[in-house]
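Basis for what follows: all heavy atoms, side chains included, without hydrogens, waters or symmetry-related copies.
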Amino acid sequence: MKFSEIPYERPDAEQIKAQTAELTERLKNAASYAEAKETFLEYQRAQKHKDTLETLASIRHSIDTRDEFYDGEMKFWNATAPELEEYSQQWMMTMLASPFRKDFEEEYGNLLFIKAETALKTFSPEIVPELQKENDLTQEYEKLLASAQIPFEDGIYTISQITPFKTDPDDARRLAAWKAEGQWYKDNQQKLDEIYDELVKLRDGMGRKLGYDAGYITLGYYRMNRTCYSKEDVEKFRAAVVKYLVPVADSIYRRQAERLGKEYPMSFADNALEFRSGNPRPQGTADDILAMGKKFYDELSLETSVFFNTMLDNELLDVLSTEGKQGGGYCTGLAEYELPFIFANFNGTQGDVEVVTHEAGHAFAEWTNRKRIPYEYIWPTYEACEVHSMSMEFIAWPWAEGFFGSDAKKFRYSHLSSALTFIPYGTMVDHFQHEVYEHPEMTPAERHAVWKKLLGIYMPWVRLDGEIPFYSDGEAWQRQHHIYSSPFYYIDYCLAQTVALQIWALLQKDKDEAWTKYMAYTEQGGSREFTDLLSNAGLDSPFEEKCLREVCETAKQWLDGCDMSDIV
């Protein structure tokens, strides 16, 4: 079914509550496993229907945040979803106490129950008002960013639309674009500070209401379903990033400064330009990029071909940057229709191609696992999901000429170096959030100071001199959507990038083995915990220090050996 034809109608919240309560009672009174299983499957169908409606409303709102109908629907879901959580928790408690639990575990595995036990630690009816307020504040932040109108030269641009100018080869124009965008954030900073300050205190309060001395940190880890690693494991990973990766990233930027003829450390604007002749740009229009994506997936495998053609034929990619559209990109799923959906903002940069590889990597994983029962097993946890997407970016390298033409060599160098330099930034985002939630009483100015201090540890190649409003003042964390909407998410990208670099290293030696391991990992869906998914596919865990050390060594050797003498 085409996306435009999928019907949406606001459900009756009271009817959902009554149905969930009735199914819970039936499960409680089941006289046999067959009866319990039948009730379980009916509950699955009901959840898929409800979740699909909620996702539809969210997608259509993000496509145009000015649409009054879907703005109203999101307000409905922001208020309703926390109320429904109480009924979901009653269902999970009944599942955990079921005399047929062993039968369920034999058929579906024990992760279903591990996830239920974790979910029970994230909710109490007492925090429903806070959850509703959290949803409203997140939506307010998203709408603020989507409303941006940034004056630049002779035009007015959204945040996404001004991005290409931020990598313009002309030094003056590039700097002006950074200043223009930074000034918009600066002009709206009081509101950004207010929203985040309220979110932090709200989340800390929820954690303490649930009995956690560490406030939101404990609650946040439970909300992220982190059952196979701890805060201490993340801290060890951060230490390994500083030890092994920051020096490699530093050397990349020093070499870049030499290419550009700039003094090290460079400004944000100069760090954004990798080559004096310009950063790699995709060739052709948005339609050309999608057509090349079709060629890539058609040639990669039969499975990927069927998948991507289904996406194209059913309007499941919304990629053009338009007025009122939410920034960024994402992949989500319409479970009832067994279809993924990709949302993006093409802007003429290499990120457009990475949408076709990264977000479609997510979508392919969902497509591969779309018929899983329970349907919660379609997706693994976030860090595991990001392995699908980041690895697919590297798998697409042999098709780079089709996407980038004469810029293909630039792209490969840029893509690998950016993968390495991203990890310190992403790790810094995580470190910052831990500092914030460990000290929820901090003022906005104190939070900015923490970010500025961490920049010196994780990104020493950036010059902080106040030249660019907002960015050079240690305030740029406010443009990172995840910090507002999905706290503690960002380290997941770093863990996944480390695994994806393993896939990249394998691709340099044996493409068939790399694809076999990628599919072995992907085909498991969310049926296992992150570290088990890796071990079952023959991949190393990023929590093993040697993993990061080895991928750094291999990638640095490739970059050092890459002859870039013909590219300035």
Chemist: Hey, do the aromatic rings of Y518 and W515 have their centres closer than 6.0 Å?
Modeler: yes
Chemist: Please report the interatomic distance CD1(I423) to CG(L548), rounded to the nearest 0.5 Å.
Modeler: 6.0 Å
Chemist: Before accepting this row, confirm whether a basic side-chain N of the pair D540/K546 lies closer than 4.0 Å to the acidic partner's carboxylate O.
Modeler: yes
Chemist: Check for a donor-acceptor pair, side chain of Y458 on one end and backbone N or O of V241 on the other, with a separation under 3.5 Å.
Modeler: no
Chemist: So do Y185 and I159 actually touch side chain to side chain, heavy atoms under 4.5 Å?
Modeler: yes
Chemist: Relative to the ring of F530, is the ring of F543 parallel (under 30°), tilted (30 to 60°) or perpendicular (over 60°)?
Modeler: perpendicular
Chemist: Inspect the surroundings of NZ in K115 and state if more than 12 heavy atoms from other residues, nucleotides or ligands are less than 6.0 Å away.
Modeler: yes
Chemist: Which atoms form the tightest heavy-atom contact between P247 and V242, and what is the distance?
Modeler: CD-O, 3.5 Å
Chemist: Measure the CZ-OG distance between R174 and S267 for me, rounded to the nearest 0.5 Å.
Modeler: 7.0 Å
Chemist: Step by step, would you call Y221 with H434 a ring-ring contact (aromatic ring centres under 6.0 Å, His included)?
Modeler: CA-CA 11 Å; Y221 271 62; H434 278 80; 5.8 Å; yes
Chemist: Donor-acceptor pair, T122 side chain versus T118 backbone, under 3.5 Å?
Modeler: no
Chemist: State, yes or no, whether a side-chain contact exists between Y471 and V462 at a heavy-atom distance under 4.5 Å.
Modeler: no
Chemist: Check this for me, if you would: do R463 and E263 make a salt bridge, where the nitrogen-to-carboxylate-oxygen distance has to be below 4.0 angstrom?
Modeler: no
Chemist: Going by the side chain to side chain contact (heavy atoms under 4.5 Å, CB included) test, name the single residue among K186, H448, E467 that passes it with D473.
Modeler: K186
Chemist: For K236, does the NZ atom sit with more than 12 other heavy atoms under 6.0 Å from it, leaving out its own atoms?
Modeler: no
Chemist: Could you tell me whether the side chain of F364 reaches within less than 4.5 Å of the side chain of T357, counting heavy atoms only?
Modeler: no
Chemist: Are D352 and R281 ion-paired here, with the side-chain N under 4.0 Å from a carboxylate O?
Modeler: no
Chemist: Enter the distance from E359:CD to E354:CD here, rounded to the nearest 0.5 Å.
Modeler: 10.5 Å
Chemist: Atom CZ of R412 and atom CZ of F394: how far apart are they, to the nearest 0.5 Å?
Modeler: 12.5 Å
Chemist: Can you tell me how far apart OH (Y484) and CG (L199) are? Round to the nearest 0.5 Å.
Modeler: 8.0 Å
Chemist: Between S418 (side chain) and H415 (backbone), is there a donor-acceptor pair under 3.5 Å?
Modeler: no
Chemist: Check this for me: D560, atom CG, are more than 12 non-hydrogen atoms of other residues, nucleotides or ligands nearer than 6.0 Å?
Modeler: yes
Chemist: Flag the pair Y229 / F237 as yes when at least one side-chain heavy-atom distance between them is below 4.5 Å, and no otherwise.
Modeler: no
Chemist: Quick one: closest heavy-atom pair of W178 and K166, and the distance?
Modeler: NE1-O, 2.9 Å
Chemist: Do the side-chain N and O atoms of E386 and H362 include a donor-acceptor pair separated by under 3.5 angstrom?
Modeler: yes
Chemist: Any side-chain to backbone donor/acceptor pair from E393 onto V353? Under 3.5 Å, distance only.
Modeler: no
Chemist: What's the shortest heavy-atom distance between C331 and W379, and which atoms?
Modeler: SG-CH2, 4.0 Å
Chemist: Are any side-chain N or O atoms of N279 and backbone N or O atoms of E274, one a donor and one an acceptor, separated by less than 3.5 Å?
Modeler: yes
Chemist: Taking the side chain as everything from C-beta on, heavy atoms only, tell me whether C494 gets closer than 4.5 Å to F422.
Modeler: yes
Chemist: Is the backbone N or O of P469 less than 3.5 Å from a side-chain atom of S472, with the two atoms forming a donor-acceptor pair by type?
Modeler: no
Chemist: Evaluate the side-chain contact (heavy atoms from CB on, under 4.5 Å) criterion for residues W504 and T554: first the C-alpha distance (whole Å), next the side-chain angles of each, then the deciding distance (0.1 Å), finally the verdict.
Modeler: CA-CA 10 Å; W504 168 82; T554 304; 3.7 Å; yes
Chemist: Are R447 and D197 ion-paired here, with the side-chain N under 4.0 Å from a carboxylate O?
Modeler: yes
Chemist: Closest approach of R203 and Y437, non-hydrogen atoms and distance?
Modeler: NH1-OH, 3.0 Å
Chemist: Check for me whether the distance between the ring centres of Y490 and W477 falls short of 6.0 Å.
Modeler: no
Chemist: Give a yes or no on whether the backbone of N271 and the side-chain of Q256 come within a donor-acceptor separation of less than 3.5 Å.
Modeler: yes
Chemist: Under 6.0 Å between ring centres, would you say that holds for F403 and F411?
Modeler: no
Chemist: Indicate yes or no: does R254 engage E258 in a salt bridge with an N to O separation below 4.0 Å.
Modeler: no
Chemist: Do you know the tightest heavy-atom contact between V356 and Y297?
Modeler: O-OH, 2.7 Å
Chemist: Step through it carefully: locate the ring centre of Y212, locate the ring centre of Y222, and say whether they are under 6.0 Å apart.
Modeler: yes
Chemist: Report, as yes or no, whether the 6.0 Å neighbourhood of atom NZ on K511 holds more than 12 heavy atoms from other residues, nucleotides or ligands.
Modeler: no
Chemist: Can you tell me how far the OG1 atom of T498 sits from the CG atom of L420, to the nearest 0.5 Å?
Modeler: 9.5 Å
Chemist: Does some side-chain heavy atom of E383 sit less than 4.5 Å from a side-chain heavy atom of I491?
Modeler: no
Chemist: Just by distance, no angles: are the side chains of Y330 and S62 close enough, under 3.5 Å, to form a donor-acceptor pair?
Modeler: yes
Chemist: Quick one: does Y521's side chain get under 4.5 Å of H388's, heavy atoms only?
Modeler: yes
Chemist: Got Y196 and Y141 here, is their nearest side-chain heavy-atom distance under 4.5 Å?
Modeler: no
Chemist: Any luck finding a side-chain donor-acceptor pair between D193 and Q478 under 3.5 Å?
Modeler: yes
Chemist: Taking A520's backbone N and O only, do any of them form a donor-acceptor pair with Q524's side chain (distance below 3.5 Å, no angle check)?
Modeler: yes
Chemist: Does any N or O in the side chain of N369 come within less than 3.5 Å of the main-chain N or O of T522, such that one atom is a donor and the other an acceptor?
Modeler: yes
Chemist: Does a side chain donor of either S301 or E303 reach within less than 3.5 Å of an acceptor in the other side chain?
Modeler: yes
Chemist: Apply the test salt bridge (charged side-chain N to carboxylate O under 4.0 Å, His left out) to residues K231 and E235: give CA-CA distance (whole Å), side-chain angles for both, the deciding distance (0.1 Å), then the verdict.
Modeler: CA-CA 6 Å; K231 176 175 175 283; E235 288 169 351; 2.7 Å; yes
Chemist: Run the side-chain contact (heavy atoms from CB on, under 4.5 Å) test on T138 and N135 for me, step by step, so that the C-alpha distance in whole Å, both residues' side-chain angles and the decisive distance to 0.1 Å come before the verdict.
Modeler: CA-CA 5 Å; T138 300; N135 289 338; 5.7 Å; no
Chemist: Return the minimal non-hydrogen interatomic distance between I378 and P380, and the atom names on each side.
Modeler: O-CD, 4.0 Å
Chemist: Are Q47 and E376 close enough, and set up right, to give a side-chain contact (heavy atoms from CB on, under 4.5 Å), and what steps lead you there?
Modeler: CA-CA 10 Å; Q47 289 295 106; E376 294 93 328; 5.9 Å; no
Chemist: For the residue pair S414 and Q350, confirm or rule out a side-chain donor-acceptor distance under 3.5 Å.
Modeler: yes
Chemist: So, the side chain of R238 versus the backbone of T427: is there a donor-acceptor pair under 3.5 Å, distance only?
Modeler: no
Chemist: Given K409 and F404, is the side-chain contact (heavy atoms from CB on, under 4.5 Å) satisfied, shown in steps?
Modeler: CA-CA 9 Å; K409 185 176 182 180; F404 292 95; over 6 Å; no
Chemist: Any ion pair linking K517 and D510 (charged N to carboxylate O, less than 4.0 Å)?
Modeler: no
